Amino acid sequence: MPTPALLLLIATLLPLASFTILLFIGKRMGTPLAGVLATLAIGGSFVCSMIALMVWLNPSGQYFDPSRQTMIEWGANKNPINLPYQWVPIGPGIQQDHPNFMDVGIYVDSLTIVMFSMITLVATLVHIFSIGYMREDPRFPRFFTYLGLFCFSMLGLVIGGTLLQLFIFWELVGLCSYLLIGFWYEKKSASNAAIKAFITNRVGDFGFLIGFGILFYHLGNVTLPKMWMLLGDAGFGHDITLASGVIFPAGLLTVMGVGLFFGAVGKSAQFPLHVWLPDAMEGPTPVSALIHAATMVAAGVYLVGRIFPILTPGAKLFVAITGVTTLTMAALIALAQTDIKKVLAYSTLSQLGYMILAMGLGSWIGGLFHLITHAFFKALLFLGSGSVIHAAHHEQELPQYGGLIRKIPVTGITFGVAVLAIAGFSIAGWGFSGFYSKDMILAHAGAFGYLAESSGKSSAYWLFFYLPTIIAYVTAFYMTRCWMLTFAGKPRNQHLYDHAREAPIMWAPLVALAVLSVIGGKYLGVSELLQSGIRESTQYCRAVVPKFDGFGTAWPAEATTTTEGAEPTAAASSDIMEKGHELMHHCVGWAWLVGIGLGVIIYWNGYSIAGPLTKFPPVNYVRIWLYRRMYFDELYFSVFVAIVMALSWLSATFDKYIIDGIVNGVGGLVKRTAFLAGWNDRYVVDGAVNGVATLSQELGAAVRAPQTGRIRMYVTVLMVAIGLGLAGAIIVTLSR
Amino acid sequence: MEIGLTHFLILAAFLFVCGIASIMLKRNAIGILMGVELILNAANVNLVAFNRFSYGTINGQPVLAGQVFAIFVIVLAAAEAAVALAIFLNFYNNFATIDVERAQNLKG
Amino acid sequence: MTTANILAIADQQQAVAAVLFYIFAGISAISALGVVISRNIVRTAVFLLFTLVGVAGLYFLLNAEFLAAVQLVVYAGGTLILIIFGVMLTSKSPFSRFEPKAVEVVIAISVASVIFFALVLAITRTKFAVNPTDFTAYPIDKLGQTLLGDFLVPFEIVSVLLLVVMIGAAYLAKGRRREAD
């Protein structure tokens with residue numbers, strides 16, 4: 001096995017080992033030791049991933065590709081490592097007459113390596129942070145047991161070479177999310193939130209299964225590159241004729257893409273399945289940082305990245321609409337939330353919306369780049385809020401905070417760095433990590449707008465650019481609001497303020513993540529590596545399908561200008577990209593300054609300006625509407641409950657008037673008839689019946705004797721009878 | 001001598017009579033249940049053996065009806081065991097014994 | 001390879017099959033006898049287990065690999081565990097004995113031998129059709145197709161039956177609630 005694949009496999013299995021050990025002897029290991037073991041395991045994974053990254057960047061090896069029967073070179077900008085393994089034979093599919101296999105496999109390309117590095121890094125830091133944060137919890141070892149399982153599942157999801165594997169680990173991370181949201185299951189709200197998350201995700205997974213079923217019916221369970229090769233033309237939106245002559249209609253392809261995407265909608269908490277993520281904040285804060293900000297919720301975006309080449313224009317449009325709806329809605333709701341973790345949760349939703357939007361617009365790199373940078377600063381924000389909550393003795397309401405920068409300075413400063421990163425802080429073309437990734441998305445959105453315009457689409461397509469642009473301002477504002485209300489101004493709860501204190505073990509992760517949030521955009525080479533990921537996959541596929549351009553098929557397809565041999569780009573031709581970038585630069589160049597400035601001015605002294613401002617009627621109502629999260633929970637509750645209630649009322653009415661009416665009518669009729677029949681009965685029938693009864697009694701007494709009630713006697717009698725019969729048969733047979 | 005259909009049938013016959021003897025001899029209800037399982041197994045061996053040796057192919061295609069029936073029998077045996085054990089548990093709760101000789105409430 | 005060689009190999013394979021048959025048949029038959037003779041219900045269960053395993057081996061010889069696996073998993077693994085649970089739940093001491101009467105033993109043995117004799121007679125005297133299966137294609141795949149093709153309706157009915165049994169067994173086995181509550 002090539003070195004990087006082996007290293008990543010080890011990295012995947014280390015958390016599983018820690019999970020297994022902790023599962024059995026975790027309780028005996030006790031409070032600090034269990035955490036240390038888990039941290040060492042995930043730290044080992046991180047080291048493995050880093051070595052794999054080094055090896056990947058300086059590739060020097062070849063491997064035997066079983067699907068192509070030749071040796072090929074692996075490494076950045078060369079070829080991915082694709083190692084399928086035939087697992088369960090399941091009989092011939094519709095297009096082959098040889099047996100089909102439920103394949104499993106390993107697929108490693110630059111995206112895998114990037115995801116591994118990000119996941120193990122954030123997970124390691126969160127593990128360290130948790131040792132401090134969960135120290136007083138009686139179920140400390142169990143917490144790290146779950147974390148180990150989660151890390152294993154998440155890494156398995158990323159390394160998996162087929163959609164089937166992806167789905168298996170997809171469910172596993174869902175399970176871990178459920179376990180960890182409900183970690184404090186004594187709290188009713190926590191266990192409810194866990195159930196809600198689980199159920200909501202099932203809705204999405206159902207869509208995924210439908211999509212996977214359609215794919216499976218046509219292709220069987222194939223490795224990712226094979227899937228791309230076979231359906232790489234999906235981006236052009238016409239029917240695809242498979243090698244066997246079976247036609248895969250474009251409409252069905254769209255349904256498949258949307259179905260698969262629905263899995264991502266559930267996991268990445270996109271509209272309309274977003275309701276579980278804010279509630280998931282009931283879990284411990286490190287969990288929110290790791291699972292519900294940095295890694296698991298990003299798995300949806302990762303999935304879209306993997307199925308990107310097989311999405312039709314229609315499916316991509318659906319993806320983009322979902323993304324833009326989510327990012328707008330979530331950012332507006334985040335404006336009015338008062339719970340610090342809820343603000344961050346909605347901000348996560350909004351950022352995920354950006355990534356999904358990018359995917360829908362064809363900006364593969366933009367979406368995944370933002371995934372990585374977002375993981376850094378959002379994990380930092382959550383860990384920072386964890387530190388605040390820890391210092392404030394589990395008080396999470398912003399109105400109770402204020403002025404905390406003087407008490408917990410490290411948290412305050414690192415949190416501030418994260419706020420700058422998410423707001424897109426930049427000066428003279430240099431900025432924090434969020435600046436680069438968000439700019440890339442918006443630039444591609446602008447290019448997309450021009451593309452739609454030039455191909456004569458409705459001007460409504462410009463919404464895909466202008467809504468995210470406006471929200472970029474809003475993002476800077478609500479994040480600043482969150483920071484100002486927490487750290488600046490006068491303390492609003494003196495008691496809480498007096499007792500606030502930082503725990504030093506939590507500093508290291510905060511500082512490390514702060515550094516990453518600053519440099520993650522430009523200096524880590526993430527976007528270059530992602531670019532090389534596209535190149536590798538395309539190159540690998542082109543060796544078989546020379547015209548493959550799955551990663552270059554931006555929407556709308558007819559305007560795509562990529563040609564064979566040209567560098568595959570996320571969007572279309574370079575001059576449109578140029579125009580898009582310019583437009584973006586004009587529109588959001590100073591968004592961070594406007595948003596942050598406005599936030600600082602309004603919340604300079606706690607609620608003294610914002611408080612009165614939101615008292616006036618129109619603002620007032622909007623604030624309440626947003627504070628109640630646009631009434632989505634109430635809507636879902638009332639709609640589903642109302643349906644059930646209406647149905648039960650309907651059936652009750654039916655019962656009461658129609659069924660009961662029939663029954664009563666029949667009853668009355670019977671009563672009248674019975675009176676007449678009674679007379680007849682008493683004198684005519686009874687005489688006959690009594691005679692028969694006497695006869696039966698006599699017979700019964702005779703038959704009663706053998707009815708001993710002893711079952712074995714019955715069996716014996718039966719068998720003796722059969723035996724006698726057979727004995728007769730034997731005698732007859734032998735005597736002939 | 002080549003192993004053929006007859007060998008399997010005779011073995012099945014033996015299992016069958018063992019099952020019958022079990023049913024007749026055991027006073028423990030669960031023992032009776034085991035006898036029934038033996039009988040079902042004998043039937044299964046017959047089904048599969050016949051399928052293998054004398055009902056194997058039609059028009060050059062292998063026929064697997066016997067095996068499918070054997071699967072059904074296994075499923076039904078499992079179902080039967082579940083229900084029978086539930087009944088035995090009830091019986092045990094009511095009579096505080098598992099001896100079938102004590103179950104005489106149906107005596108006429 | 002010469003014809004003699006091929007014949008020798010075929011002979012060898014037949015000999016192996018015969019040996020295996022006698023091993024598995026011996027295990028099943030002796031354990032089945034143990035089921036009848038054993039007085040201890042736990043020991044009976046263990047004998048039954050060996051019978052089932054022996055029969056599974058016979059299925060392998062009959063080219064019914066999937067069925068053998070099912071036999072091991074469902075029967076030996078599932079049903080027998082169920083029975084052992086029954087034993088544990090219903091006997092105060094696991095070694096409770098209920099001896100049959102001597103006359104019952106005599107009747108049982110004679111009836112059983114008569115039936116066995118009759119069956120052997122019938123088997124040896126009947127000419128069965130010879131139409132062996134040639135397992136060269138994918139038998140498991142074919143089995144699945146048969147199960148979900150020709151036998152789809154019985155398959156569905158069995159699944160409904162299983163559901164009914166599950167509910168019924170759960171209802172029957174549930175502990176008695178006090179009526180007063």
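Everything numeric here is computed off the predicted structure, so don't read it as measured data. Chain letters run A, B, ... following the sequence lines, proteins first and then strands; every chain starts at 1.
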Side chain to side chain, A:L231 and A:F248, heavy atoms closer than 4.5 Å:
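A side-chain contact under 4.5 Å exists here.
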
Check: A:F262 ring centroid to A:F206 ring centroid under 6.0 Å
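They do not qualify: ring centres at least 6.0 Å apart.
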
Kindly compute the distance separating CD1 (A:I210) from CG (A:L260), expressed to the nearest 0.5 Å.
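Here the interatomic distance stands at 10.5 Å.
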
Hey, what do you get for CD1 (A:I307) to CG (A:L215), rounding to the nearest 0.5 Å?
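Between A:I307 CD1 and A:L215 CG, I get 9.5 Å after rounding to 0.5 Å.
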
Listing request: all salt bridge (Lys or Arg N to Asp or Glu O under 4.0 Å) pairs with a residue in residues 105-127 of chain C, at least two apart in sequence or in separate chains.
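For residues 105-127 of chain C, and leaving out neighbouring residues, there are no salt bridge (Lys or Arg N to Asp or Glu O under 4.0 Å) pairs at all.
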
Working for side-chain contact (heavy atoms from CB on, under 4.5 Å), residues A:D205 and A:L209
CA-CA 6 Å; A:D205 292 345; A:L209 272 183; 5.8 Å; no

Got a donor-acceptor contact below 3.5 angstrom from the A:S191 side chain to the A:K188 backbone?
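Indeed, once roles are kept as given, a pair shorter than 3.5 Å links the two residues.
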
Chi angles and distances behind the side-chain contact (heavy atoms from CB on, under 4.5 Å) call for C:V42, C:M88
CA-CA 9 Å; C:V42 177; C:M88 291 192 327; over 6 Å; no

By number, which residues in residues 51-61 of chain C have some heavy atom less than 4.5 Å away from chain A?
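Contacts with chain A: none.
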
Any residues in residues 108-122 of chain C near chain A, with a heavy-atom distance under 4.5 Å, and which are they?
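So the qualifying residues are C:V111, C:V114, C:I115, C:F117, C:A118, C:L121.
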
If I measure from the heavy atoms of chain C, does [X] come under 4.5 Å with its side chain, its backbone, both, or neither?
{"X": "A:A729", "value": "neither"}
{"X": "A:L734", "value": "side chain"}
{"X": "A:T733", "value": "both"}

Steps toward side-chain contact (heavy atoms from CB on, under 4.5 Å) verdict (A:F167, A:F212)
CA-CA 9 Å; A:F167 185 69; A:F212 184 66; 6.0 Å; no

Who wins among A:T716, A:L726, A:I730 for the most heavy-atom pairs under 4.5 Å with chain C?
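Maximum pair count with chain C is reached by A:I730.
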
Assess whether atom CZ of C:F151 is packed by more than 12 heavy atoms of other residues, nucleotides or ligands within 6.0 Å.
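More than 12 within 6.0 Å, yes.
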
Going by atom type alone, with no hydrogens or angles, which donor-acceptor pairs under 3.5 Å involve a side-chain atom of residues 152-168 of chain C and a protein atom two or more places apart or on another chain?
from: C:S159; atom 1: OG; to: C:E156; atom 2: O; distance (Å): 2.5

